[in-house]
Every structure is written in structure tokens, then in C-alpha cells.
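Since the structure comes first, as C-alpha cells, the remarks are kept for the end.
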Number of protein chains: 4
Amino acid sequence: MKKKTGDPKQRLLDTATTLFYNQGYHATGINQVIEEAGVARASLYLHYESKESLLLAFLNQRHIDWMAGLKSFTDEASKPKDKIAAAFDFLSDNNEREHFRGCAFLNILSETTEKDTAVLTVIQDHKKDLRAFLGEILTNEKQLIKDHVYLLFESAIVESQLYRNQWPVQEARKMALGLL
Amino acid sequence: MKKKTGDPKQRLLDTATTLFYNQGYHATGINQVIEEAGVARASLYLHYESKESLLLAFLNQRHIDWMAGLKSFTDEASKPKDKIAAAFDFLSDNNEREHFRGCAFLNILSETTEKDTAVLTVIQDHKKDLRAFLGEILTNEKQLIKDHVYLLFESAIVESQLYRNQWPVQEARKMALGLL
Amino acid sequence: MKKKTGDPKQRLLDTATTLFYNQGYHATGINQVIEEAGVARASLYLHYESKESLLLAFLNQRHIDWMAGLKSFTDEASKPKDKIAAAFDFLSDNNEREHFRGCAFLNILSETTEKDTAVLTVIQDHKKDLRAFLGEILTNEKQLIKDHVYLLFESAIVESQLYRNQWPVQEARKMALGLL
Amino acid sequence: MKKKTGDPKQRLLDTATTLFYNQGYHATGINQVIEEAGVARASLYLHYESKESLLLAFLNQRHIDWMAGLKSFTDEASKPKDKIAAAFDFLSDNNEREHFRGCAFLNILSETTEKDTAVLTVIQDHKKDLRAFLGEILTNEKQLIKDHVYLLFESAIVESQLYRNQWPVQEARKMALGLL
DNA sequence: AATGAATGAGTATTCATTCAT
DNA sequence: AATGAATGAATACTCATTCAT
């Protein structure tokens, strides 16, 4: 029993966010969630139908927060090229703050089977939104350039998680800007 | 109890390969492994000292097989550019055969914590080998081009897993070849 | 699933008491405890955090009960010498009721390693209490006499367990009374 | 795999001796025995019918060695009283050498059920031999004195194990000598 | 809205023993 | 005489979920 501020539902979501993201979904037990949230076991099921529904809540919230973070970085720039640079800087920033745990959605994707359609959909929707977001910045570019930037952006996340190092972000940033 | 051919150690590795790759590591229980391998519970621990050591055996074997598969594709071509094209074709082929389950190493990476150093090392070594392999094909290119191809290659795997679709491989292939 | 009366926590403790005392700690599996207590496996861990903590609960309860039994015997007498005689009679009574299983604490001590500090402490504390209890009865005797009685008392327990016979209690009783 | 000198049968016995005595019988697994003896699993069953028969071999050997050790101490003295003193000194010596693990036979007794008749018999025979040995030293004393010394001797072992301290041996020695 | 108690099925791992060589 | 492989049953413990209050 650790956290005690905020309402139980929020505490559960916050705790699940930390644990699912840092340990993985299957490696995180409900016990640990309720214990660290400081909430009774049954209270979890009062607010969330199941462990999976807590996972979905986590992913949905993460989507909102992450996209907002990205937007706040790109909003600082005005020209498309600068916005793209800012987007990569957002990744650097994330890596520092979150110790190179990579993309929450891709991580969960790895634990996801064809059967988990609800989860898969949330993940795909997140990435579609990201792809669209980058595409809108590069509205005057051809589709292949848009996707090229998107794919570099994705590798930057994955590879910096893999190597626990910022070089993939920095290199991918340089490559992406070189395309524009 | 399903499989019955080959020696138990190999059957265990084969079964673990299938299950860890398709369901994830934590989602796969030892019970399922031994049952589908048709082997007694204790026999698993006769050959592998722990579940994690079975995971390592899987990753090590996968590394060998996957690199061999990649090499057999690139060996078909002679010019660097054609070899890179063949490398992407290998990914397409994998996606078809393995139903878009993506990269075994990156999937396990998602379930891996800073503590699992042995696992993390195997994963990183695999990717370093892949990066070196591509780098050698592009021996006359600058480092940034080499890495550019590598990063596109990586996103091609991840994104086709994500969308359950070949388009990321095909687009990344086109982008990569355009760089050369 | 046998017992069904009383709350689960008490049933578990009662069952553990019987089994740990009569079969030994390591020879008793959690399965047998829950089965004979008529309780679900997880319920054990709801009330006791581990098998060792159940052992500690058993020892603590045993200490209370055993000391109470001893006191109820000695309270029947008024003179020190008679109280000591009554103390040995308590041992005879125990041997009959408990089929010469000896001292719960010394039995567990045999299964205890230097590492099990919590268990060792409970055992030592029990014996210190017993030694002090006898010492208070013999408040006017010299320390060596007090300890002499204590040591005879201890052998009486151990040796009657060993021989499955009351003679050590009866002889030790005679020797102890002879000292006073 | 540790030990490598002596024949396998002896190595097994030596290892079992150490482990059964220091950890207890049930707490010691066959795996640990064969591993530390440096012997194949099946070799154990070649020389010993079962784990219990290895236990019996240990107890029988221990009886011989222990009685020999005791005799070598008492043989140093000529008068009965001095021999008894020497017997207690043997206990002190044991405690030092064996880190207060107490009596191998009484320890195993604690793990023994009414059913284990073979084991129980070996234990009882050992103690009967010890009692007779002390009785012969005190051949001119009355039976009650003989047993008195025997009982003090027994508590000295048990209580020094319990407190991890030599005081019970020293006090019991003094008491015993006072009786003669 | 919130909780403590309860559970059946599952976790990874080890048990003592046997068998084919 | 000696061993490596194999096993069915058990080990202590945790899982996600439900229920009565």
C-alpha cells in the first residue's frame, strides 16, 4: 500500500501505467497493482471489468498524453522541417524521462495475440494517428516521403530502446531532415 | 502430449520456439511447453536449468536460423543493391510464413527488464550482427547510409507486424533502394 | 477436505499444529495442510504470508497453550517442591495425550538452520520462559539447583520421546525432588 | 560435483553425513547429495536402496565414530569421576567442531514418525549404548545415579544446541561430578 | 463506493526413483 | 560398477476473479 492521493480509480490507472509500461503486461500481477495503488483488490473490479480493461484504459490514456506531449513539442516550431526535428527531440526527451523503455504500444503489441482484437485495435489506432499527425506536418510532401519519415521515427523509438542509447534518435533525425 | 518425434531436448526447444514467439514469453507457461512437447515436467529441467535458460536457447537458435535465412536470400544476388532488395524480400517471406509475428528479439525485448541482462545481451548481439551484416553488403557506402538502410529494415519488420500487412516492407524496400 | 468448523485461519493453524508437530515441518506439505483444513490453497496465503510464517504462528500459539497447561498444573500445588512435582506430572500427562511426540520446540529446532533466525528466536524464547518459570518456583534455591531442575526437566521430555516411555519423566522427577 | 577422492559409496556417505546432520533429513534432497558427492544419480541407488537406507548408513557410521570419539576421551582418565568429566569435555569439543548442531540421533528422531521403525531402532540403540557406556563407568553407583548422569549428559547436548552455547555442558558437568 | 475473505486453476521448480546403456 | 536420461508426483507459491458485507 503506497499511493494514497487521488481517487482509487485514478490511482489504479496511474499504478497500472507505471507497471505495465515498465515490466510488461503479463509480468505484472493484479496483486502488485492493487498493493502499489493502495487499493483493495475488489475495488479494482469495481472500476475496471478485468485486467484487460485496465490495460485498455492505460493505453487510451497513454495515447492522449503521448500525443499531447508530441504536439507540445512540434507546436514550438513553425516550419514543417523544424516541427519534424522537434518531434525527434520529443523522443529524446522521452528516452531520458522514461529510461529507454520504448513505445508502450509496440511493447504491448509484442504480448498481444490475434485474439486480443480490442487491444490490437487501440495500438493500431494510436500508430495511425501518429502517422497522420506526421503526415499533416508534411502536407506538401509526397506520400512516400511522409511514410519515410514515419518509418524512421518508429525505428528511432525501437532502436533506442534496444540499445539503451540516443544514437538511433539522433541519426534518424538527421536522415529525416535530409529528406525534406 | 502432442509431439513425439526427435529427442526430448529438441522437442522442447521447438515447442518453446513456437510458443514464446507466438504468445510471448510470460504468457507461455511451462505446462503448455511440456504438454505440447510431449515431455515430462522434470525432463525440461534435466535439459534446461530454468525457463529463462530455455528462452536463451530459443533466442540463440533463432539467431542462427534467422541469419542463415537472411544470408540465403542475399546470396542469390550479387550487386549490393540487389542484395538489399533480397533482404527485404526475406522479410516479406517471413511475414507470410510466420503470420506477421514480427521480430522474435524485439518482441522479447518488450518483455525484458533492465535486470534480465543475459537476455538483453542476446537480443542486442543479434541486432548488432544484423546491422553489421547489412553494413558489409553496403561496404562502399557511408555509415549514415548503412544505418539508414538498417533503420528502414527494422521499421519494416515492426510496422508490418503492427498492421499485419506487407506495405511497410514494400515501402521501406523502395526507400532503401532509392538511397543507393 | 476434512475439517469444516471454525474460521479458515483457525482451521489452518489447528491443522498445521497437528501436522508440524506429528510429522515435522519439512515432511509436511502445504497441500496436506490445506486439504486437511478444508481450505483453498490461496486462502492459506491470504492469512499467512508463507509456510514459515505458519510455522511461527504454530510455535507462538503452542508456547501460549503449553505454558498455560504447565501453569495450571503447578497452580494446583502451593509448596515449591510440590509445584516441581506437578510440573513433571504435566510432562507425563502430555506424553499420554500426545503419544510421546516430545517438545514441539526442540523438534523444530532439529530442522532449523542458523539462517532461520526468526524460528530459532521463538524456540529460544520459549525455553528461556520455561527456565525462568521453573526458576521462579525455586526462588529460594541457588542458580545451579534451578538449572539442575531445568536440565532434568528437559531430558525428561526428550528421553521419554526417544524411548516412547514414561520412565525418564518419573526418574527425573525423583532426582529433581531429591535436590530440593 | 565437488568431492572426487575415495570410492563413490564412501563419498555418498560422507556427503550425506554432512548434509543430513547440518540441514536435516527432509530438508536435504537427493540432488544435493549426488551433486556434492560428485556422483551420478543412479550410482546412489546402486549402493543404497533408497534415501532412507542412506540415512540408516549415516546413523550407523555416526554411532561408530561418535562412540569411538567418546571412548578416546574417557580413556584418557582412569577414575570414574574423571572419566565422566572427560565425557562432558567430549561434548564441549563436539560443539566447537560441529558448530552446536547437537545430537545427530535426536535431530533425526524429531523428523521420525512411528512408522519409521528401522530408523527409530537405530536411534534408540545408540542411546541405549551410550547409557550403558556411562553406566559401566559408574559401575559402583546406584542405577538412579547412573541415570541421573545420563540425563544430565543428554540435556547438555540438547541445551547447548538450543542456546548455541557451552554453558549447559559446563553446568551439567559440574552437577554430574557433584553427584559422584 | 469500497473492502476483506475466499477460491480454482495456474506458476516455476524439485522430489525420490527407475531404466536403458 | 557406473551413468545420463526420463519421469509422475509433489513442492511452495501466485494468478485473475468473485462474493458477502
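Residue numbers begin at 1 in each chain, while the letters A, B, ... track the order of the sequences. What's counted below: heavy atoms across the whole structure, side chains too, no hydrogens, waters or symmetry copies. None of these values were measured; they are calculated from a predicted model.
- Contact annotation: Ser43(D) side-chain N/O to dT3(F) OP1/OP2 distance is under 4.0 Å.
- Put simply, His47(A) has a side-chain N or O that comes within less than 4.0 Å of OP1 or OP2 on dA2(E).
- Tyr45(D) has no side-chain polar atom (N or O) that falls below the 4.0 Å cut-off from OP1 or OP2 of dT18(E).
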Contacts under 3.5 angstrom, residues 39-49 of chain D side chains, donor-acceptor by atom type, not counting sequence neighbours:
residue, atom, partner, partner atom, Å
Arg41(D), NH1, Asn31(D), OD1, 2.3
Tyr48(D), OH, Lys9(D), O, 3.2

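- Residue Ala40(D) has its side chain nearest to dT3(F) when only dA5(E), dT3(F), dT13(E) are considered.
- Distance CG/Asn107(B) to CD/Gln161(B): 4.5 Å, rounded to 0.5 Å.
- Among the nucleotides dG8(E), dA12(F), dG4(E), the one closest to the side chain of Ala42(A) is dG4(E).
- Mapping Tyr25(D) and Gln32(B) onto DNA chain E by nearest heavy atom places Gln32(B) at the nucleotide closer to the 5' end.
- Residue Asn31(D) places none of its side-chain N or O atoms closer than 4.0 Å to OP1 or OP2 of dA16(E).
- Counting only Watson-Crick and G-U wobble pairs whose two distances sit under 3.5 Å, DNA chain F takes part in these stems of three or more pairs: E:2-21 with F:2-21.
- The aromatic rings of His126(A) and Phe105(A) sit parallel to each other, their planes meeting at less than 30°, with 60° as the upper class boundary.
- Across dA6(F), dT17(F), dA1(F), the shortest atom-to-atom separation from the side chain of Leu46(D) is found for dA1(F).
- With hydrogens and angles left out, the side chain of Arg41(B) and the base of dT13(E) share a donor-acceptor pair within 3.5 Å.
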